[in-house]
Amino acid sequence: MTRFQNPPEGTSQDALAGLVAEAVRQVLMQHGVLMDAEALICATAMAGGVAAALPFLPQAQRLAITSFKGSWTGLASEFFRAMAEKIARRAARRRQQGRKSEDRGR
C-alpha cells in the first residue's frame with residue numbers, strides 16, 4: 001500500500017485541502033489564468049477539497065474513482081453547471097418564500 005491508499009497520518013483533510021488549494025492558486029497565477037478574486041478563491045478551494053477528499057475515502061470508493069476513464073474536465077463542467085442551477089433554484093425559492101412572508105404581514 002502507498003501512503004495515498006490510507007489517510008495520511010497526522011494530516012487533517014482540511015490541512016491537506018489548504019495545501020492543495022495554495023498550490024493550485026500558485027499554478028493558475030504563474031500560467032496567467034485570468035480570474036476575478038472570488039472565482040480564484042472558489043476554484044482553488046474546490047480543487048483542494050476534491051483532492052484532499054480522495055485519501056480519506058473508503059478503498060472501494062477510491063478504486064471506483066480512480067477507474068474513471070472519461071473526461072475529468074467534462075465531468076467538472078457538468079458538476080459546476082448542475083451546482084449553479086441548484087443554487088439558482090434555491091435562491092428563487094428563498095425569494096418566493098420571502099414574498100409570501102411579506103404578503104402575510106400586510
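Basis for what follows: all heavy atoms, side chains included, without hydrogens, waters or symmetry-related copies.
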Give every donor-acceptor pair under 3.5 Å between a side-chain atom in residues 65-91 and any protein atom, sequence neighbours left out.
residue: Thr66; atom: OG1; partner: Arg62; partner atom: O; Å: 3.0
residue: Thr66; atom: OG1; partner: Leu63; partner atom: O; Å: 3.2
residue: Ser67; atom: OG; partner: Leu63; partner atom: O; Å: 3.4
residue: Ser67; atom: OG; partner: Ala64; partner atom: O; Å: 2.8
residue: Ser71; atom: OG; partner: Gly74; partner atom: N; Å: 2.9
residue: Ser77; atom: OG; partner: Thr73; partner atom: O; Å: 3.1

Could you tell me which non-hydrogen atom of Pro55 sits nearest to which non-hydrogen atom of Ala51, and how far apart they are?
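Answer, listing the atom of Pro55 first, then Ala51: CD-O, 3.3 Å.
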With sequence neighbours excluded, residues passing side-chain contact (heavy atoms from CB on, under 4.5 Å) with Ala52
Gln13, Leu16, Ala17
Just list the side-chain donor-acceptor pairs under 3.5 Å for residues 29-39, sequence neighbours left out, or say none.
residue: Asp36; atom: OD1; partner: Glu38; partner atom: N; Å: 3.1
residue: Asp36; atom: OD1; partner: Ala39; partner atom: N; Å: 2.8

So Val27 and Val24, do their side chains get closer than 4.5 Å, heavy atoms only?
no
When you group the ILVMFWY residues by side-chain heavy-atom contacts below 4.5 Å and let the links chain together, are Leu28 and Met46 in the same group?
no
Apart from Ile41 itself, which Ile, Leu, Val, Met, Phe, Trp or Tyr residues share its cluster (side-chain heavy atoms under 4.5 Å, direct or through members)?
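Besides Ile41, the cluster holds no residue at all.
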By side-chain hydrogen bond (donor to acceptor under 3.5 Å, both in side chains) - contacts of Glu22 (at least two apart)
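Glu22: side-chain hydrogen bond (donor to acceptor under 3.5 Å, both in side chains) contacts with Arg25, Gln26.
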